[in-house]
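Structure first, commentary second.
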Amino acid sequence: MTYTGDVRVGGPADVRELPDLTISKLAVGPYDNNAYLVRCNETGDGVLIDAAAEADRLLELVGDHPISKIVTTHRHRDHWQALEQVASATGATVVAHPLDAPSLPVPVGLEVEHGDGVTVGVVTLEVIHLRGHTPGSIALHHPGHLFTGDSLFPGGVGNTEKDPERFERLFTDVSERIFDRLPDETWVYPGHGRDTTLGAERGSLPEWRARGW
């Protein structure tokens, strides 16, 4: 089956096989959050991105293979409602940016800054700090693949609550740290809804700046 990234709450995960990683996308909870399980094909190690809700379904997705880390992309509650249960059940280290870490319901064992790496077996995911949606929002980058939390979606950047300074900061970070660096074929896995690519969104950047959201 070809991966599309089109998932629905209550439905099965969509799975993508890469040469070095396997990515599973699952929709959970009342806010239709996306959770992603990323596994190293060589070692079997796993990282869960956003333990958003429905701990039982997330643990079913993890299965009998261990995960070493749970990354929370930002501090908004809908992205960590299952964090405490999943962390307790798996013993995985909780990972977040230090600016958002104090808002999480469990201690953060690994604080990461812009340019740091999160290891998944023999693979390292690059941390990209995207300020604006929250102070400590982060994305995770593997060549050709980008997990953006709520900082970038099909059709625009994340919500900055009509604050022009926050919008400008987020738009600038997304432009400089993502679009200026990464190629069009980079696949974007957002915190809610359908996936996209940088190429599909790049031409809309002037429109996003002009409208201010």
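Being a predicted model, the structure only gives us computed values, none of them experimental.
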Exercise for the section: Check whether any side-chain N or O of T43 sits under 3.5 Å from a backbone N or O of D45 as a donor-acceptor pair, and report yes or no. Expected result: yes
Practice task
Mind checking the CD-CD spacing from E60 to E54? Nearest 0.5 Å is all I need.
Solution key: 10.5 Å
Fill in the blank from the handout: Taken to the nearest 0.5 Å, the spacing of F153 CZ from N159 CG works out to 9.0 Å
Practice task
Look at the side chain of R16 and the backbone N and O of S24, then say whether any donor-acceptor pair between them is shorter than 3.5 Å.
Solution key: no
Exercise for the section: Spell out, yes or no, whether L48 and I23 are grouped together once hydrophobic residues are joined by side-chain heavy atoms under 4.5 Å, including indirect joins. Expected result: no
Problem - L125 side chain near L21 side chain, heavy-atom distance below 4.5 Å - result: yes
Exercise for the section: Keeping the roles fixed (side chain from K69, backbone from T119), state whether a donor-acceptor pair exists under 3.5 Å. Expected result: yes
Exercise for the section: Using a strict 4.0 Å threshold on nitrogen-to-oxygen distance, state whether D14 and K25 make a salt bridge. Expected result: no
Problem - From CA spacing to verdict: side chain to side chain contact (heavy atoms under 4.5 Å, CB included), S137, D150 - result: CA-CA 8 Å; S137 288; D150 283 2; over 6 Å; no
Practice task
Could you grab the distance from atom CG of L198 to atom CG of L152, nearest 0.5 Å is fine?
Solution key: 7.0 Å
Handout entry: N41 versus D20, side-chain donor and acceptor atoms under 3.5 Å
Key = no
Handout entry: Distance, nearest 0.5 Å, that separates CZ of F171 from CZ of R209
Key = 4.5 Å
Exercise for the section: Grab the two heavy atoms, one from S175 and one from L205, that are nearest each other, plus how far apart they are. Expected result: OG-CD2, 4.4 Å
Handout entry: Check: R211 side chain, W213 main-chain N or O, donor-acceptor pair, under 3.5 Å
Key = yes
Fill in the blank from the handout: All heavy atoms of N34 vs all of P190, minimum pair found to be ND2-O, 3.0 Å
Handout entry: Nearest-0.5 Å distance, CD1 of residue I49 to CZ of residue F147
Key = 4.5 Å
Practice task
Starting from the C-alpha separation in whole Å, work towards a yes-or-no answer on side chain to side chain contact (heavy atoms under 4.5 Å, CB included) for I128 and L146.
Solution key: CA-CA 10 Å; I128 302 176; L146 184 67; 4.0 Å; yes
Practice task
Give the ring-plane orientation class for Y36 versus Y189, where under 30° counts as parallel, over 60° as perpendicular and anything between as tilted.
Solution key: perpendicular
Less than 3.5 Å apart, which donor and acceptor atoms pair up between the side chains of residues 93-107 and the rest of the protein, not counting sequence neighbours?
from	atom 1	to	atom 2	distance (Å)
H97	ND1	L99	N	3.1
H97	NE2	E113	OE1	3.2
H97	NE2	H129	ND1	3.4
D100	OD1	G136	N	2.9
D100	OD2	R75	N	3.0
D100	OD2	T134	OG1	2.6

Exercise for the section: Say whether V38 and V123 are linked into one hydrophobic cluster, either directly or through other cluster members, by side-chain heavy-atom distances under 4.5 angstrom. Expected result: yes
Exercise for the section: Going by the side-chain hydrogen bond (donor to acceptor under 3.5 Å, both in side chains) test, name the single residue among H76, H79, H74 that passes it with D50. Expected result: H79
Exercise for the section: Apply side chain to side chain contact (heavy atoms under 4.5 Å, CB included) to the pair I178 and D173, showing each step before the final yes or no. Expected result: CA-CA 7 Å; I178 292 179; D173 277 0; over 6 Å; no
Practice task
For residues V174 and F179, determine if any side-chain heavy atom of one lies less than 4.5 Å from a side-chain heavy atom of the other.
Solution key: yes
Problem - Student check: side-chain heavy atoms of I138 and H114 closer than 4.5 Å - result: no
Handout entry: In one Ile/Leu/Val/Met/Phe/Trp/Tyr side-chain cluster, 4.5 Å: L59, L61
Key = yes
Handout entry: Minimum-distance pair of heavy atoms, taken over all atoms of I67 and L37
Key = CG2-CD1, 3.8 Å
Practice task
Kindly compute the distance separating NE2 (H141) from OG1 (T124), expressed to the nearest 0.5 Å.
Solution key: 12.5 Å
Handout entry: Stepwise salt bridge (Lys or Arg N to Asp or Glu O under 4.0 Å) check, E126 with R181
Key = CA-CA 13 Å; E126 176 197 7; R181 289 184 51 225; 3.3 Å; yes
Exercise for the section: Kindly say whether G193 contributes a backbone atom to a donor-acceptor pair with the side chain of D32 at under 3.5 angstrom? Expected result: no
Exercise for the section: Using atom types as modelled and distance alone, determine if a side-chain donor or acceptor of T197 lies under 3.5 Å from a backbone N or O of A200. Expected result: yes
Problem - OH (Y31) with more than 12 external heavy atoms under 6.0 Å - result: no
Handout entry: Sidechain-backbone polar pair: R39 side chain, H65 backbone, donor-acceptor under 3.5 Å
Key = yes
Handout entry: Side-chain donor/acceptor of R166 to backbone N/O of P135, under 3.5 Å
Key = no
Problem - Heavy-atom pair with the smallest gap, counting every atom of G149 and T73 - result: CA-OG1, 3.6 Å
Fill in the blank from the handout: Smallest heavy-atom separation, L18 atom then H142 atom, equals CD1-CD2, 4.2 Å
Problem - Beyond-backbone contact of E201 with V188, side-chain heavy atoms, under 4.5 angstrom - result: no
Problem - T172 versus E168, side-chain donor and acceptor atoms under 3.5 Å - result: yes
Completion exercise
For T148 and A139, the nearest pair of non-hydrogen atoms, with its separation, is CA-CB, 4.0 Å
Practice task
Could you state whether V112 and L130 fall into the same hydrophobic cluster, counting links through intermediate Ile, Leu, Val, Met, Phe, Trp or Tyr residues with side-chain heavy atoms under 4.5 angstrom apart?
Solution key: no
Practice task
Answer yes if W80 and L26 sit in the same cluster of Ile, Leu, Val, Met, Phe, Trp and Tyr residues linked by side chain heavy atoms under 4.5 Å apart, and no otherwise.
Solution key: yes
Practice task
Check for a donor-acceptor pair, side chain of T186 on one end and backbone N or O of L182 on the other, with a separation under 3.5 Å.
Solution key: no
Exercise for the section: Check the pair D195 / W187 against side chain to side chain donor-acceptor pair (under 3.5 Å), numbers first and verdict last. Expected result: CA-CA 7 Å; D195 299 353; W187 194 276; 2.8 Å; yes
Problem - Under-4.0 Å salt bridge between R169 and E165 - result: no
Handout entry: Residue pair V127 / L140, side-chain heavy-atom distance below 4.5 Å
Key = yes
Handout entry: Worked check of side chain to side chain contact (heavy atoms under 4.5 Å, CB included) between R131 and R177
Key = CA-CA 11 Å; R131 300 158 292 185; R177 298 182 175 186; 3.2 Å; yes
Exercise for the section: Using a strict cut-off of less than 4.0 Å between a Lys/Arg side-chain nitrogen and an Asp/Glu carboxylate oxygen, indicate whether D6 and R194 qualify as a salt bridge. Expected result: yes
